[in-house]
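What follows is one structure encoded as structure tokens, with my remarks underneath.
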Amino acid sequence: MNARAPKGTADMLSGVAQAWEHLQRTAQELFARYGYEPVYTPLFEHTEVFTRGIGEATDIVLKEMYTFEDKGGRSITLRPEGTASVVRAALEHNLTANGTQAKLYYAGPMFRYERPQKGRMRQFWQIGIELLGAAEPTADAEVISVLWRYFEALGIPPASMRLLLNSMGDDACRPAYRGKVAAFIRDRSGGLCEECGRRADANPLRAFDCKNPACVGVMAEAPLLRDELCGACAAHHSAVKERLAGLGIPFVEDPRLVRGLDYYTRTVFEIQVEAGLGSQNAIGGGGRYDRLMQEYGGPATPGLGFALGFERTLLAMQAAGVAVPAPPRAEVYVARVEGSPDGTVFAIAQALRDAGVAAEMDHQGRSLKAQFKQADRLGARFVVIAGPGELEVGEVTLRDMGTKEETRVPMDGVASAVDTALGGRSRTLHA
RNA sequence: GUGGGUGUAGCUCAGUUGGUUAGAGCGUCGGACUGUGGCUCCGAAGGUCGCGGGUUCGAGUCCCGUCAUCCACCCCA
């Protein structure tokens, strides 16, 4: 058989897996302070959830979805992002009935069929929050600040982050602007790449995203939505900026920031980092999607959120030299000696664990010396030497690996002795 | 989907103009007067040289194919 993980997927072994849990713990703790509650939606949905939500003309829907027919003949798609599912769930369970506000967060794998490269996987992890039912600009500022604070909490230097901000307008002003850009593209199509020429019809705004130098040059002269926002959108946008400035969160207005999902209205934002991501640069982003719920047939419900990528966040942390805290694999190592009754050694280790101490012992019949090496490698602060001599008189030797001090303690008092030595921080699980 | 790079021990890599039993460092395991760690020293295990085919007296080393991987384009987290 082919003992290899599929293309674009990766096994997360101890080092990475621990970082993963650190990212999740940090998120849970921070998001809870803002009142967000966890939600777990299915990893797959009816395909329509994504085609309608994300937009038929987006790259995600056009060429990146893992879509298949299940045995019941339904078209199923592995989620390529989180917002569509959460909004679908909120609608299904009426979480925003009568204008109720819902604050949700999720974390888990997303799937997109793309060629993998640095910072891009076919299965990748995102954490995101969604704030539903909130139309005020303070909501935008809150969501953006959660994202910013999260990266700060992880230790990514604020100076290395760049927050980009833009407004996509709404139904009152975007259609007219969109028409203007389409006209502009048709007019100047000679100077644009083939792809952008085609964009005029389906998705003209995406031409702003093109990295082709010629296109960048031409699009630099294209009309900007910033200058065409309706009064309500302009007021909203400037209020968001005011709130952010009030928090001291630095942002850069980028009138050409266009995000790849069709559902955005008004505020869109992205946090970029310069080092570590290869040719990618965004570690998180999001925006407002006031029409999404209606798109699914629900009541008009404003909403917004962000998503951030685990892989990219980790790359950014590594580039910034941030270390991920890793707990010691053992605080105490219980060593057995030739002639020690296995059952007794085993019981001592168990007693320590029951008392809340991380304890490890040998299961391979290795020499005492090897056990000490192992204890050292695991980061154990103490080694309990359970030799026949000690056990005979109901005692055990407790060695402090730092000071090399050894004391004899009663066998049934090991847990409390260690607990005291560790500063009494363990909790007793079994009275 | 397109382009380029790379595929040699668990990991990072070296392998000269193709020539006999494929190497190093790290890691792992064992040992240094036999119940004790982190340093040092000694030793050991571990490799279908991605896979298939071809050229050759002979290929890890050249050619073709294939797969995988990395990076980039597209686009995004």
Side-chain angles (χ1 to χ4, degrees), chain A residues 2-10 13 15 23 54 57-64 79-83 107-128 147 151 193-196 198-199 203 206-212 215 257-261 270-273 277-286 306-316 333 335-340 364 366-391 396-406:
Chain A
N2 183 6
R4 263 185 184 142
K7 182 190 280 287
T9 67
L13 305 181
L23 294 193
I54 297 170
T58 59
D59 277 19
I60 291 179
V61 170
L62 247 26
K63 51 185 206 189
E64 296 173 2
R79 63 181 187 188
E81 57 103 48
T83 300
M110 305 296 163
F111 308 85
R112 292 184 200 171
Y113 190 87
E114 300 179 273
R115 272 302 254 287
Q117 69 187 76
K118 197 175 190 66
R120 166 188 288 154
M121 300 289 278
R122 288 185 173 181
Q123 176 179 320
F124 59 101
W125 276 61
Q126 288 190 332
I127 278 194
L147 182 60
F151 291 133
C193 71
E194 211 177 310
E195 175 70 23
C196 285
R198 275 201 300 277
R199 280 176 168 136
N203 212 341
R206 298 223 55 77
F208 281 111
D209 256 356
C210 191
K211 287 173 189 162
N212 182 314
C215 297
L257 175 64
V258 178
R259 297 184 50 77
L261 299 88
E270 190 167 296
I271 291 184
Q272 305 184 338
V273 105
L277 297 191
S279 76
Q280 265 64 243
N281 51 19
I283 52 179
F306 70 67
L308 65 94
F310 270 40
E311 289 81 358
R312 293 187 184 181
T313 298
L314 208 52
L315 288 172
Y333 193 98
R336 54 170 146 197
V337 183
E338 181 95 36
S340 312
Q364 299 177 297
R366 300 175 62 187
S367 69
L368 185 64
K369 186 192 193 76
Q371 292 180 68
F372 265 87
K373 281 191 174 171
Q374 185 65 9
D376 199 56
R377 216 172 306 120
L378 296 177
R381 290 185 47 192
F382 296 94
V383 168
V384 168
I385 305 158
E390 290 97 325
L391 295 179
V396 107
T397 299
L398 183 64
R399 177 183 175 90
D400 183 315
M401 294 294 273
T403 65
K404 300 186 176 188
E405 225 172 281
E406 296 191 355

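Across every strand in view, B:G1 sits in a pair with B:C73 that passes the Watson-Crick or G-U test at under 3.5 angstrom. Across every strand in view, B:U17 sits unpaired, with no contact that passes the Watson-Crick or G-U test at under 3.5 angstrom. Under the Watson-Crick and G-U wobble criteria, each requiring two contacts below 3.5 Å, nucleotide B:U48 is left unpaired. In a base pair of the Watson-Crick type (N1 to N3 plus N6-O4 or O6-N4) or a G-U wobble (N1-O2 and O6-N3), with each distance short of 3.5 Å, B:C39 is matched with no nucleotide. As the counterpart of B:C11, B:G25 is assigned, both hydrogen-bonding distances of the Watson-Crick or G-U wobble pattern falling under 3.5 Å.
At a threshold of 4.0 angstrom between heavy atoms, the contacts of A:E338 with the nucleic acid are absent. Across all strands shown, A:A375 has no heavy atoms under 4.0 Å from either base or sugar-phosphate atoms. Within the 4.0 angstrom heavy-atom criterion, base atoms lie near A:G389. In this structure, A:G119 reaches the bases: a heavy-atom distance under 4.0 Å links it to at least one base atom across the strands shown. Among the atoms of the strands shown, base atoms are found under 4.0 Å from some heavy atom of A:Q280. Using a 4.0 Å heavy-atom distance criterion, A:A335 is classed as making no nucleic acid contact. Here A:M110 lies out of heavy-atom contact (under 4.0 Å) with every strand.
B:G27 atom C1' lies 15 Å from atom CG of A:L13, rounded to whole Å. As rounded to whole Å, 11 Å separates atom C1' of B:C71 from atom CZ of A:R115. Counting to the nearest Å, the C1' atom of B:G1 and the CD atom of A:E114 are 12 Å from each other. Separating the CZ atom of A:R79 from the P atom of B:A77 is a distance of 15 Å, rounded to the nearest angstrom. Distance CZ (A:F306) to P (B:A77): 13 Å, rounded to an integer number of Å. If you take CE of A:M121 and P of B:A68, they are 14 Å apart, rounded to a whole angstrom. Taking atom CG of A:L257 as the reference point, atom P of B:C76 lies 10 Å away to the nearest angstrom. Atom CZ of A:R4 is separated from atom C1' of B:G50 by 6 Å (rounded to the nearest Å).
Judged by distance alone, the side chains of A:T397 and A:E406 never bring a donor and an acceptor atom under 3.5 Å apart.
As rounded to the nearest Å, B:G65 and B:G23 have P atoms that lie 33 Å from one another. Comparing the P positions of B:C41 and B:C26 gives an interatomic distance of 9 Å, to the nearest angstrom. Here, B:C49 and B:G3 have their C1' atoms 28 Å apart, quoted to the whole Å. Rounded to whole Å, the P atom of B:G31 lies 12 Å from the corresponding atom of B:G37. Between the P atoms of B:U28 and B:U66, the separation comes to 42 Å (whole Å). Comparing the same atom, P, in B:A32 and in B:C71 gives a spacing of 46 Å after rounding to whole Å. Rounded to the nearest Å, the gap between the C1' atom of B:C73 and that of B:G50 is 27 Å. Taking the P atoms as reference points, B:C39 lies 31 Å from B:U48, given to the whole Å.
By the 4.5 Å heavy-atom criterion applied to side chains, A:P80 and A:E64 are not counted as neighbours. Considering only heavy atoms from C-beta on, A:V384 comes within 4.5 Å of A:L398 through its side chain. Proximity of A:Q126 to A:F124: side-chain heavy atoms (C-beta onward) are separated by under 4.5 Å at one or more points. Within the 4.5 Å cutoff, side-chain heavy atoms of A:R312 are placed close to those of A:Q280. At least one side-chain heavy atom of A:E311 sits under 4.5 Å from a side-chain heavy atom of A:W125.
The pair A:D400-A:K404 does not meet the salt-bridge criterion, since no charged nitrogen lies less than 4.0 angstrom from a carboxylate oxygen.
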Please assess A:Y333 against A:M401 for the test side-chain contact (heavy atoms from CB on, under 4.5 Å), listing each intermediate value before the final yes or no. CA-CA 10 Å; A:Y333 193 98; A:M401 294 294 273; over 6 Å; no
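Across the interface with RNA chain B, nearest-nucleotide mapping of A:E311 and A:Q364 shows A:Q364 to be the residue nearer the 5′ end. With RNA chain B read from its 5' end, the first of the two nearest nucleotides for A:E64 and A:P6 is the one closest to A:P6.
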I'd like a list of close polar pairs between nucleotides 36-44 of chain B and the protein, N/O only, cut-off under 3.5 Å.
unit_1: B:U36; atom_1: O2; unit_2: A:R399; atom_2: NE; d: 3.3
unit_1: B:U36; atom_1: O2; unit_2: A:R399; atom_2: NH1; d: 3.1
unit_1: B:U36; atom_1: O2; unit_2: A:E406; atom_2: OE2; d: 3.4
unit_1: B:U36; atom_1: N3; unit_2: A:E406; atom_2: OE2; d: 2.7
unit_1: B:U36; atom_1: O4; unit_2: A:E406; atom_2: OE1; d: 3.1
unit_1: B:G37; atom_1: N7; unit_2: A:R399; atom_2: NH2; d: 2.9
unit_1: B:G37; atom_1: O6; unit_2: A:R399; atom_2: NH2; d: 2.9
unit_1: B:G37; atom_1: O6; unit_2: A:M401; atom_2: O; d: 3.3
unit_1: B:G37; atom_1: N1; unit_2: A:M401; atom_2: O; d: 2.4
unit_1: B:G37; atom_1: N2; unit_2: A:D376; atom_2: OD1; d: 2.9
unit_1: B:G37; atom_1: N2; unit_2: A:M401; atom_2: O; d: 3.3
unit_1: B:G37; atom_1: N3; unit_2: A:D376; atom_2: OD1; d: 3.2
unit_1: B:G38; atom_1: O4'; unit_2: A:D376; atom_2: OD2; d: 3.0
unit_1: B:G38; atom_1: O6; unit_2: A:K404; atom_2: NZ; d: 2.8

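Between the side chain of A:R79 and the backbone N or O of A:P109, at least one donor-acceptor pair lies under 3.5 Å. A distance-only check finds no donor-acceptor pair linking the side chain of A:R122 to the backbone of A:Y113 [under 3.5 Å].
Both stacking criteria are satisfied for A:F124 over the base of B:A77: a centre-to-centre distance under 5.5 angstrom and an angle between ring planes under 30 degrees.
Checking the phosphate oxygens (OP1, OP2) of B:G30, a side-chain nitrogen or oxygen of A:R366 falls inside 4.0 Å. For the OP1/OP2 pair of B:A72 and a distance below 4.0 Å, the side-chain nitrogens and oxygens of A:Q117 include at least one atom meeting the criterion.
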